Peer 1: 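Below is a structure I'd like to ask you about.
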Amino acid sequence: MELLFRPRRLRKTDALRRMVRETHLRREDFIYPMFVAPGKGVREAVPSMPGVFRLSVDQLVLEAQELVRLGLPAVLLFGLPLRKDDTGSEAASPKGTVQQAVRQLKKLLPELVVITDVCLCGYTSHGHCGLIHQGAVDNDATLEVLAQVAVSHAEAGADLVAPSDMMDGRIGAIREALDERGFEMVPILSYAVKYASSFYGPFRDAAECAPAFGDRRSYQMDPANAREALKEAALDVEEGADILMVKPALPYLDVIAQLAAEFDQPIAAYQVSGEYAMIKAAAQNGWLDENAVMLESLLAIKRAGADLILTYFAKQAAALLGK
Ligand code: PBG
């Protein structure tokens, strides 16, 4: 048969396939999310996220050394407070778990990029990402608190701050507060496009931050909307976002691709706890090949247009990719 084009010609051998491969995963692509717990010697497994632990600062530092050895460039820190209250006051405390962790990491492992999650849900007794006024999350009152949280992280030495609350105007408020305090060189990684997703379930166990009443749909995005994602990203860019994130990742590849096509900021994607848990659970049952599915999902996220991937698989993937 005379076929002019035979795509299989370039798939004949591994060497050929590698030569024409369009997308490559690198260890530098990954950011590893970690949970900082109060206390000492704490290493508490998160049952719905096998391989993920809540770590006190001393344990976190040990784990971070391992990450550096594996060639991973960055971590994202979530804090668990000692005490929660109505306004999440511990979130901006210089003595908070995250602030302590940042100081230690920057002292002991200065080359590791430390990113901090800026949000209130882990710190408020009601579990919402902002202050409550008359039964609803008060956008503008929350901005001031978020700005204080971001400044406290920068003061501790955070390399980047990553607001995940989805209040309107938060990037501008945080940028202004950072600049006023002399942190004009601290970039903002914005959770620009964060959906009200059911894939966050296991994370809420890990960070103990499930809302006590209602849900997050009045501030996080409707999973049905893609054009609105472009609007959210455009607003964040206007307000000074340096990196734009889409979250979750695999169920929203179309949104990642649209943002990558539309914006010149680096694009990050967050492979969230539920995406991780699904692969782990299927693998534990012997239903999927864990490493193969993990690498394929990360590759798909990158192919869609993500420059950076936040993933609980970062360590595992880095170990497989090698030096
Ligand atoms: C807090 C926050 C959440 C996640 C990151 N930051 C949970 C939420 O919004 O309910 C989810 C991360 C994950 O599922 O891995 N605002």
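Please read all numbers here as calculations on a predicted model, not as lab measurements. Every number for a ligand or one of its atoms is a count from 1 in the order of the listing.
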Peer 1: Which word best sums up how the rings of Y219 and H128 line up, parallel for under 30°, tilted for 30 to 60°, or perpendicular for over 60°?
Peer 2: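 Rings of Y219 and H128: perpendicular, as their planes differ by over 60°.
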Peer 1: Just wondering, are more than 12 heavy atoms of other shown residues or ligands nearer than 6.0 Å to CZ in F203?
Peer 2: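 Yes, because the 6.0 Å sphere around CZ of F203 holds more than 12 heavy atoms from other groups.
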Peer 1: Would you mind reporting whether K194 and M221 have side-chain heavy atoms less than 4.5 Å apart?
Peer 2: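 M221 does not reach K194 side chain to side chain.
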Peer 1: Heavy atoms under 4.0 Å from ligand 1: which residues qualify?
Peer 2: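 Near ligand 1, by chain and number: F78, D117, C119, C121, C129, S164, K194, Y200, F203, R204, R216, Q220, K247, Y270, V272, S273, Y312.
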Peer 1: Go through the side-chain N and O atoms of Q271 and S297 and say whether any donor and acceptor fall under 3.5 Å apart.
Peer 2: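 S297 and Q271 do have a side-chain donor-acceptor pair below 3.5 Å.
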Peer 1: Does D58 have any side chain to side chain donor-acceptor pair (under 3.5 Å) partners at least two apart in sequence or in another chain, and if so, which?
Peer 2: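 Scan of D58 (side chain to side chain donor-acceptor pair (under 3.5 Å), adjacent residues dropped) gives S56.
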Peer 1: Under a 4.5 Å cut-off applied to non-hydrogen side-chain atoms, are Y191 and R170 in contact?
Peer 2: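 With C-beta onward as the side chain, the pair touches.
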